[in-house]
Amino acid sequence: MFNVTAILKRLVIGRALRSEELGETLLPKRLALPIFASDPLSSVAYATQEILLVLTLGGLAYLHFTPWIAAAVVALMTVVVLSYRQVVHAYPSGGGSYEVASTNLGPSAGLVVAASLLVDYVMTVAVSVASGVDNIISAIPELAEYRVLMALVFVALLTAMNLRGVRESGRAFAAPTYLFIAGMLIMCGTGLLRYLLGDAPVAPTAAYGIEPDPADANLMGLALVMLVLRAFSSGCTALTGVEAISNGVPAFRKPKPKNAATTMAAMGLIAITMFVGVTTLAIVAKVHIAEDSCSLTGLPDCENYTQRTVIAQLAASVFGGESSFGFYYVQAATALVLILAANTAFNGFPLLSSILAQHRYLPRQLHNRGDRLAFSNGILALAIVAGLLLWTYKANVTSLIHLYILGVFTSFTLSQTGMVRHWNRELRTETDPAVRRRHHLTRIINATGAVVTCLVLAIVLATKFTQGAWLAVLAGIVLWVTMRGIRRHYDHTAAELAVTDPRAELRPPSRVLAIVLVSTLHKPTLRALAYARALRPDRLEALTVAVDRDASAGLQRQWEEYGIEVPLKILDSPYREITSSVLVYVRSIRRESPRDVIAVFIPEYVVGHWWENLLHNQSALWLKSRLLFTPGVMVTSVPWQLSSSARADHPAARAPGAVRRGEPVGRHRK
């Protein structure tokens, strides 16, 4: 008989891999780029739009700040990419910013980085998927009412692909990423060439004006500076995911640090080129976009007007309208790569969670690899939290973006500060002049990165905190406190379980008193009695609770008729409570003989259908859970397999992870 769940799992995830096959999952640079860099590359699709959305709050007059803000973002990205190349070479074990901060600034700073990155990875999935859905709706506005459903379906698909393993997800995501890069470069190149030839593309919204927000109109002095800084902080979304390569160095082929550093350089160069191209083209084509469509002047019906994204407007203006092949190609590639950009988080979050679990800051289950050698529990945890965010915020990019990038710049700042301390330590022992010169140069790069990203972090906090970033800060704090609590629990548990006196721990108890719980005289009861007797305890008795006096009297008669030599003790229970009566009796024995061990044997049914568990073993499970908290009491389940449990012998019905436990399944069965 087939197990439907196991069959579906194999169809979605694939066959289980042996631990020895882990080396086959390592990535060449051509696959590592779309896996780890899809987030920063795809951020180009909305980074320019976020700058324009903030500046147009004051009206069209403030759009002349766009080139300067874009230049600042490019300079920042250059510094961050150069800084993280040093991290890749100095800390190739895959801890990235977390390892740098923990090693050089202490565990507390490392946990701040870890909490920030975990929050940011969740936001990466939510924002990327929501932005991808936005681009689909820009091409097909009729799908707007299915926004949330589409987002959740895409998260589920990404989860399934990543559960199949890093290499397989890389193959699936490589083509869309490269198609997106090609489409963006062709669009920017074609548009700018037309501009140089005197035929500049014109955006569909170029003729519309923008009614400024009354609070942001005619800004002067500090208010104007704050608007520009706010636009800059929104544009910094282009930097999200830059650190993912430093976290994923172990996934690269050898030489790992060199390949990772090369991939990071390629990612930075491509992302900067596309961001500059899109921003320049948006200025040339006079793209006008506002947070509220009714802020656009000249629209006949602003209430029913669906604004198209900046990328959609540029594609329409460059390739000849919204029905052209180029428009649909760019929209399809952009939507696909934005959704797949969440894959950066699906690789970074599980890996970082695994390292934290190994260091006992998160539950140990997050360090376990699944059947496809991916960190399955981390993948599922990320999908669930991101899905809840998308559902809560209705997959709205504008609402989600305020929670974004805060964690990125927190980790940037602390990791670069940690790298400065790392180079200081290296310089104290290094004597080779050539190596010292290299260390001095890299220290300058990391110091510059620390200062710049710290300033950006302050700007982001100042401009986005009241707009929703406070929630990301709160989530990071809660996560930090939780991880500290988990580590404290594991440390206390380890200290409590540590062997201090082996001889004392191995000293046998004075006596072993065995109790077999009996409800009815049947085969499982007799098996439990036989098993308990085979262990030769110092004293053995059967115990039942008189919930029904007539039934108890009948049990006593049967006991005597069968000539069972084990004494049967019947506990009176006027309130028909089984668990409390047994607990009181067992604890009374413990008080009389505290140096004795009491072994309680509980007959249990083994069933083959999930619904059969609802019909059996409920009293046994509850009683067992209560007895486990009683010192000096050992609880033993004595199974009796019902006929329906025979199906469990079929390989398809084995529990998840059977291969990891050494059980034969599929082609490994012997």
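The first residue of the sequence shown is numbered 1, and numbering continues consecutively from there.
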Working for side chain to side chain contact (heavy atoms under 4.5 Å, CB included), residues F275 and M77: CA-CA 11 Å; F275 176 70; M77 182 178 289; 5.8 Å; no
Check step by step if side chain to side chain contact (heavy atoms under 4.5 Å, CB included) holds for L41 and V337. CA-CA 9 Å; L41 292 178; V337 82; 6.0 Å; no
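- Residues Y91 and N104 have side chains in contact (heavy-atom distance under 4.5 Å, counting atoms from C-beta outward).
- In this structure, V122 and L382 have side chains that are in contact, with non-hydrogen atoms separated by less than 4.5 Å.
- The aromatic rings of Y361 and Y98 sit perpendicular to each other, their planes meeting at more than 60°, with 30° as the lower class boundary.
- D120 places no side-chain N or O within 3.5 Å of a backbone atom of S116 that could act as its donor or acceptor partner.
- Under a 3.5 Å cut-off, the side chain of T442 and the backbone N or O of H439 do form a donor-acceptor pair.
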Might you work through the side chain to side chain contact (heavy atoms under 4.5 Å, CB included) test for T103 and R425, ending with a clear yes or no? CA-CA 12 Å; T103 303; R425 189 170 57 253; 4.3 Å; yes
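- In terms of heavy-atom proximity, A395 sits nearest to A130 at O-CB, 3.4 Å.
- The NE2 atom of H422 lies 9.5 Å from the CG atom of L427; values are rounded to the nearest 0.5 Å.
- Taking all atoms of both residues into account, the shortest heavy-atom contact from A260 to V249 is CB-CG2, 4.0 Å.
- Minimum interatomic distance between V456 and C236 (heavy atoms only, all atoms of both residues): CG1-SG, 3.9 Å.
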Can T177 and L33 be said to form a side chain to side chain contact (heavy atoms under 4.5 Å, CB included), step by step? CA-CA 9 Å; T177 303; L33 181 68; 5.8 Å; no
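- No donor-acceptor distance shorter than 3.5 angstrom exists from the side chain of S128 to the backbone of V125, with no hydrogens or angles considered.
- Here the CE-CD1 distance, from M267 to I270, works out to 9.5 Å after rounding to the nearest 0.5 Å.
- Within the 4.5 Å cutoff, the side chain of Q49 has heavy atoms near those of the L53 side chain.
- Across T448, T453, N446, a single residue satisfies side chain to side chain donor-acceptor pair (under 3.5 Å) together with Q416, and that is N446.
- Inter-residue side-chain proximity for F409 and I459 is flagged as unmet; no heavy-atom pair is nearer than 4.5 Å.
- Here the side chains of F232 and V54 are not in contact, with every heavy-atom distance at 4.5 Å or above.
- Of all non-hydrogen atoms in I69 and A231, the two that sit nearest each other are CD1-CB, 3.6 Å.
- For the atom pair E50 CD and R230 CZ, the distance stands at 10.5 Å (nearest 0.5 Å).
- Counting only residues at least two apart or in different chains, side-chain hydrogen bond (donor to acceptor under 3.5 Å, both in side chains) contacts with residues 267-276 are absent.
- In this structure R443 satisfies the salt bridge (Lys or Arg N to Asp or Glu O under 4.0 Å) test with no other residue, sequence neighbours excluded.
- With rounding to the nearest 0.5 angstrom, the CG atom of L105 is 12.5 Å from the CG atom of L111.
- Contact record, V100 with G418: CG1-C, 3.8 Å, taken as the closest heavy-atom pair.
- The two residues I379 and P350 make their nearest non-hydrogen contact at CG1-CG, 3.5 Å.
- Residues L352 and Y121 have side chains in contact (heavy-atom distance under 4.5 Å, counting atoms from C-beta outward).
- Here the straight-line distance linking atom NZ of K29 with atom OG1 of T262 works out to 6.0 Å at 0.5 Å rounding.
- Proximity of a side-chain donor or acceptor of S415 to a complementary backbone N or O of F412 within less than 3.5 Å is detected.
- Relative to the six-membered ring of Y490, R364 meets both conditions, a distance below 6.0 Å and an angle of at most 45° to the axis.
- Judged by distance alone, the side chains of S108 and R484 do bring a donor and an acceptor atom under 3.5 Å apart.
- Counting heavy atoms from C-beta on, the side chains of V73 and T279 never come closer than 4.5 Å.
- Taking the salt bridge (Lys or Arg N to Asp or Glu O under 4.0 Å) definition, one finds that R487 meets it with D491, sequence neighbours left out.
- For S97 and Y84, the side-chain atoms include at least one donor-acceptor pair closer than 3.5 Å.
- With a 6.0 Å radius and a threshold of 12 heavy atoms from other residues, nucleotides or ligands, R488 has its CZ atom at or below the threshold.
- Judged by distance alone, with hydrogens and angles left aside, the side-chain atoms of R360 form no donor-acceptor pair with the main-chain N or O of I486 at under 3.5 Å.
- Rounding to the nearest 0.5 angstrom, the gap separating the CD atom in E430 from the NE2 atom in H440 is 10.5 Å.
- In this structure, the side chain of N377 engages the main chain of Q365 through a donor-acceptor pair within 3.5 Å.
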